Student: 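Take a look at this one; I'll ask things after.
As the structure is a computational prediction, the values presented were derived from the model and not from experiment. So that the names make sense, note that chain A is the first sequence line, chain B the second, and so on, each numbered from 1.
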Amino acid sequence: MYRAPRGTADILPEEQRYWHYLEAGARAVAQRYGYGRLETPVFENTGLFVRGVGQGTDIVEKEMYSFDDRGGDSLTLRPEGTAPACRAYLEHGMRNLPQPVRLYYFSPAFRYERPQAGRFRQHHQFGVEALGDGDPSVDAEVVEMAWQLMNGLGLTDLTLLVNSIGDPQCRPAYLEHLKDYYKPLAERLCQDCKERLERSPLRLLDCKQPTCIIMAQEAPQTVDHLCPECRDHWKKLLGYLQKLDVPFRVEPRLVRGLDYYTRTVFEIHPAEEGGQSALCAGGRYDGLIQELDGPPTPGIGFAAGMERMVLNLKRQEVPVPDEYFVKAIVAYLGDDAKETAISLASQLRSKGIATILAPAGRSLKAQMRYANSLGIPYALILGDDEIKNGSVVLRDMTQGEQREIQLQSIAEELDNLITS
RNA sequence: GUGGGCGUGGCCAAGUUUGGUCUAAGGCGCCAGGUUGUGGCCCUGGAGAUCGAGGGUUCAAAUCCCUCCGCUCACCCCA
């Protein structure tokens with residue numbers, strides 16, 4: 001028997017209410033902030049990610065679903081949403097639109113990882129990108145939007161972490177400081193961190209090993225080594241967030257695994273601690289569009305993991321509207337009644353009343369049982385007597401009462417009952 | 001890629017330590033019936049499992065051993 005591929009999941013009808021709830025909430029936030037929806041293909045040319053996300057990153061090195069198509073082009077299932085959004089920005093000349101260009105998207109993302117709680121090989125992201133304006137007020141807008149999204153969904157006990165990791169102006173000098181700090185301590189670092197020391201020293205800061213954590217706490221912090229421009233940007237962002245009453249926490253050890261980030265980085269975490277708990281992560285990437293052969297163009301955005309949000313909606317027992325929508329079932333006895341039942345069901349649907357026909361070949365008792373177990377509020381019953389009278393029995397399943405109604409007025413009658 | 005836990009009908013699950021009484025308990029769900037055209041409670045019956053797969057040990061394996069596969073949690077990394 002075939003099963004869904006490892007790390008993927010079917011989203012079954014009974015789960016859909018969570019997804020609809022999230023989509024509605026996210027779309028509402030996006031629209032309120034003036035973001036327009038963007039949809040990009042599930043696959044892109046591999047080079048887009050190699051250059052955009054960065055040669056040395058884990059995503060590019062070992063997590064991409066890449067393949068050659070029949071024409072020999074190397075394509076990759078989108079591992080993240082920012083590079084494609086920037087590609088679309090360039091491809092469609094969006095720099096000729098009023099800046100910044102504000103975009104949002106819902107899209108699946110694919111990474112070849114070992115699945116675990118809250119981590120999948122196919123997951124879904126709600127993402128937002130503001131391109132073409134480097135002002136810190138845009139950072140504040142995007143951070144606030146992420147915060148509003150989570151709160152609007154009813155999620156509570158969240159922590160918003162922010163940091164600045166500088167830019168190409170100041171980061172090299174900072175990294176030297178960092179290495180100088182760590183070199184004498186190298187012996188005590190964990191194996192992974194020893195390797196990181198040369199390759200990506202920033203990552204030393206968020207190692208989870210206890211001894212590494214202690215050393216990281218004493219390490220020089222990015223925010224203390226920003227160039228004047230980055231410092232100014234950072235200070236202004238913090239000021240705006242305070243004005244907006246967005247409750248953030250500066251986390252000097254917050255860094256990023258993707259190469260394109262500059263200055264602002266942020267994440268939102270639920271209270272439940274766990275390995276991969278970030279509900280949402282984002283940051284500024286002023287170098288990315290240039291890296292993709294575009295003109296120097298600032299950008300900032302975030303991506304929120306839909307599966308993780310669903311997980312937390314359930315954990316926190318956030319009330320999510322039930323959306324079972326079938327209002328009526330047509331039950332019947334005998335072949336004559338069956339024909340009338342089929343057309344009655346059709347007629348009700350055309351009036352906008354969600355209706356199903358009871359399964360064939362079952363006793364009335366079984367049909368009623370069926371209606372009950374599906375929670376259908378109204379049952380319409382057709383038998384020989386009703387056919388003779390040109391009527392139908394309307395049974396209110398919640399009240400347990402029923403009455404006979406003329407066939408031609410049943411749609412109107414039902415409609416009144418449902419809308420009242 | 002590394003490490004831990006687990007794998008019995010659609011779901012939950014007893015049994016695996018002490019191999020035979022397991023032609024595999026029970027619950028949920030599903031289907032039918034409890035008299036003639038009616039649900040929700042209750043009762044009865046039914047369908048549904050090569051006990052993850054393959055190999056081995058044994059007179060005998062769901063139960064022991066090996067290999068593989070899958071699920072899951074953690075590391076790594078990330079949404």
Student: Should the side chain of A/R6 and the base of B/C69 be counted as holding a donor-acceptor pair, with the cut-off at 3.5 Å?
Tutor: no

Student: In whole Å, I'd like the distance from the CZ atom of A/R78 to the P atom of B/A79.
Tutor: 14 Å

Student: Going by heavy atoms closer than 4.0 Å, what residues in residues 399-415 of chain A are next to RNA chain B?
Tutor: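 RNA chain B contact set from residues 399-415 of chain A: A/G400, A/Q402.
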
Student: If you measure from the P atom in B/G33 to the same atom in B/A49, how many Å do you get, rounded?
Tutor: 23 Å

Student: Looking only at atom P, what distance separates B/U44 and B/G40, rounded to whole Å?
Tutor: 16 Å

Student: Charged N to carboxylate O under 4.0 angstrom, A/K351 versus A/E412?
Tutor: no

Student: Where each residue is assigned the nucleotide of RNA chain B containing its nearest heavy atom, which of A/S373 and A/D396 is assigned the position nearer the 5′ end?
Tutor: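 Residue closer to the 5' terminus by nearest nucleotide: A/S373.
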
Student: So with a 6.0 Å cut-off around OH of A/Y65, is the heavy-atom count from everything else above 12?
Tutor: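 Yes - once you tally the heavy atoms of other residues, nucleotides and ligands closer than 6.0 Å, there are more than 12.
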
Student: Rounded off to whole Å, could you give me the CE-to-C1' distance for the A/M397 and B/G39 pair?
Tutor: 4 Å

Student: Cationic tip of A/R121 within the cone over A/F110's six-membered ring, i.e. under 6.0 Å and within 45° of the normal?
Tutor: no

Student: Heavy atoms only, 4.0 Å cut-off, all strands: where does A/E386 land among base, sugar-phosphate and nothing?
Tutor: base

Student: Measure CZ/A/F120 against P/B/C71 and give the value in whole Å, please.
Tutor: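 A/F120 atom CZ is separated from B/C71 atom P by 12 Å.
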
Student: With the threshold set at 4.0 Å, does a side-chain nitrogen-carboxylate oxygen contact exist between A/R37 and A/E39?
Tutor: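 Yes.
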
Student: Please work out which of the three classes, parallel, tilted or perpendicular, describes the rings of A/F43 and A/F67, given edges at 30° and 60°.
Tutor: perpendicular

Student: Determine whether any donor atom in the side chain of A/R308 lies under 3.5 Å from an acceptor atom in the base of B/C78, or the reverse, and answer yes or no.
Tutor: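 Between B/C78 and A/R308, which were checked side chain against base, a qualifying N/O pair under 3.5 Å is present.
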
Student: Give a yes/no on whether any side-chain N or O of A/R111 is located under 4.0 angstrom from OP1 or OP2 of B/A79.
Tutor: yes

Student: Over how many whole Å does the gap from A/N372 atom CG to B/G39 atom C1' extend?
Tutor: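 After rounding, the gap between these two atoms is 5 Å.
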
Student: Between B/C30, B/C76, B/G40, which one does the side chain of A/Q116 approach most closely?
Tutor: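 Per side-chain heavy atoms of A/Q116, the pick is B/C76.
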
Student: Between B/G15 and B/G7, how far apart are the two C1' atoms, rounded to whole Å?
Tutor: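 It comes out at 15 Å once rounded to the nearest Å.
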
Student: Check this for me: does any side-chain nitrogen of one of A/K314 and A/E15 sit under 4.0 Å from a carboxylate oxygen of the other?
Tutor: yes

Student: When rounded to the nearest Å, what value does the distance between P atoms of B/G27 and B/G45 take?
Tutor: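 That atom pair is separated by 11 Å.
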
Student: How would you label the contact of A/R3 with the nucleic acid (heavy atoms, under 4.0 Å): base, sugar-phosphate, or nothing?
Tutor: sugar-phosphate

Student: Would you indicate whether A/Y181, at its atom OH, is surrounded by more than 12 heavy atoms from other residues, nucleotides or ligands within a distance under 6.0 Å?
Tutor: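 Atom OH in A/Y181 is crowded, with more than 12 foreign heavy atoms closer than 6.0 Å.
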
Student: Nearest to the A/A117 side chain among B/C73, B/G40, B/G37, which nucleotide is it?
Tutor: B/C73

Student: Given the C1' atoms of B/A61 and B/G56, what is the spacing between them in whole Å?
Tutor: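 Result for the C1' pair: 12 Å, nearest Å.
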
Student: By the 4.0 Å heavy-atom rule, please label A/L279 as base, sugar-phosphate, or nothing.
Tutor: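 Sugar-phosphate contact only.
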
Student: Relative to the 5' end of RNA chain B, which residue comes earlier, A/G361 or A/R121, by the nucleotide with the nearest heavy atom?
Tutor: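 Result of the comparison: A/G361.
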
Student: At under 4.0 Å between heavy atoms, what does A/A371 touch on the DNA or RNA strands: base, sugar-phosphate, or nothing?
Tutor: nothing

Student: Rounding to a whole Å, what distance do you find between A/F126:CZ and B/A79:P?
Tutor: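 Rounding to the nearest Å, CZ of A/F126 and P of B/A79 are 15 Å apart.
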
Student: In whole Å, measure the gap between the C1' atoms of B/A62 and B/C76 for me.
Tutor: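 Those two atoms are separated by 37 Å.
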
Student: What's the gap between B/G39 and B/A32 when it is taken at their C1' atoms, as a whole Å value?
Tutor: 15 Å

Student: Answer yes or no for A/K327 and A/Y378: cation-pi contact, defined as NZ/CZ to six-membered ring centre under 6.0 Å and angle to ring axis within 45°.
Tutor: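 Pair A/K327/A/Y378 does not count as cation-pi.
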
Student: Quote, to the nearest angstrom, the C1' distance that separates B/U63 from B/U21.
Tutor: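 Pairwise C1' distance, B/U63 against B/U21, rounds to 14 Å.
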
Student: Before accepting this row, confirm whether a basic side-chain N of the pair A/R111/A/D58 lies closer than 4.0 Å to the acidic partner's carboxylate O.
Tutor: no

Student: Under 4.0 Å, heavy atoms only, any strand: does A/A366 hit a base, just the sugar-phosphate, or nothing?
Tutor: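 Answer is sugar-phosphate: A/A366 comes under 4.0 Å of backbone atoms only.
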
Student: In terms of side-chain heavy atoms of A/R119, which of B/C76, B/C31, B/G37 is nearest?
Tutor: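 It is B/C76.
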
Student: Taking only the side-chain heavy atoms of A/Q125 (C-beta and beyond), determine which of B/A79, B/C77, B/G37 contains the nearest atom.
Tutor: B/A79

Student: Would a distance-only check, ignoring hydrogens and angles, find a side-chain to backbone donor-acceptor pair under 3.5 Å from A/S391 to A/E404?
Tutor: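 Between the backbone of A/E404 and the side chain of A/S391 there is no qualifying donor-acceptor contact (under 3.5 Å).
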
Student: Looking only at side-chain atoms of A/S363, point me to the closest of B/G33, B/G40, B/U38.
Tutor: B/G33

Student: For Watson-Crick and G-U wobble pairs within 3.5 Å on both distances, what is RNA chain B written in dot-bracket notation, | included for inter-strand pairing?
Tutor: ((((((((.[[[..)....(.....]]].(((((.......))))).....[[[[[..)....]]]]])))))))....

Student: Flag the pair A/E44 and A/R87 as a salt bridge only when some basic side-chain nitrogen lies within less than 4.0 angstrom of an acidic carboxylate oxygen.
Tutor: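 Result for this pair is yes, salt bridge flagged.
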
Student: When we call it a touch if two heavy atoms are under 4.0 Å apart, what does A/F302 touch: a base, just sugar-phosphate, or nothing?
Tutor: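 Nothing, no heavy atom under 4.0 Å.
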
Student: Given 3.5 Å as the limit, does a donor-acceptor pair link the side chain of A/E113 with the main chain of A/P115, or not?
Tutor: no

Student: Which listed nucleotide (B/A32, B/A79, B/U38) is nearest to the side chain of A/R362?
Tutor: B/A32

Student: Please encode protein proximity along nucleotides 4-13 of chain B as a string of B, S and -, counting only heavy-atom distances under 4.0 Å.
Tutor: ----------

Student: Between the side chain of A/T46 and the main-chain N/O of A/L75, is any donor-acceptor distance below 3.5 Å?
Tutor: yes

Student: Going by the angle between their ring planes, with limits at 30° and 60°, are A/Y261 and A/Y285 parallel, tilted or perpendicular?
Tutor: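 Plane angle over 60°, so perpendicular.
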
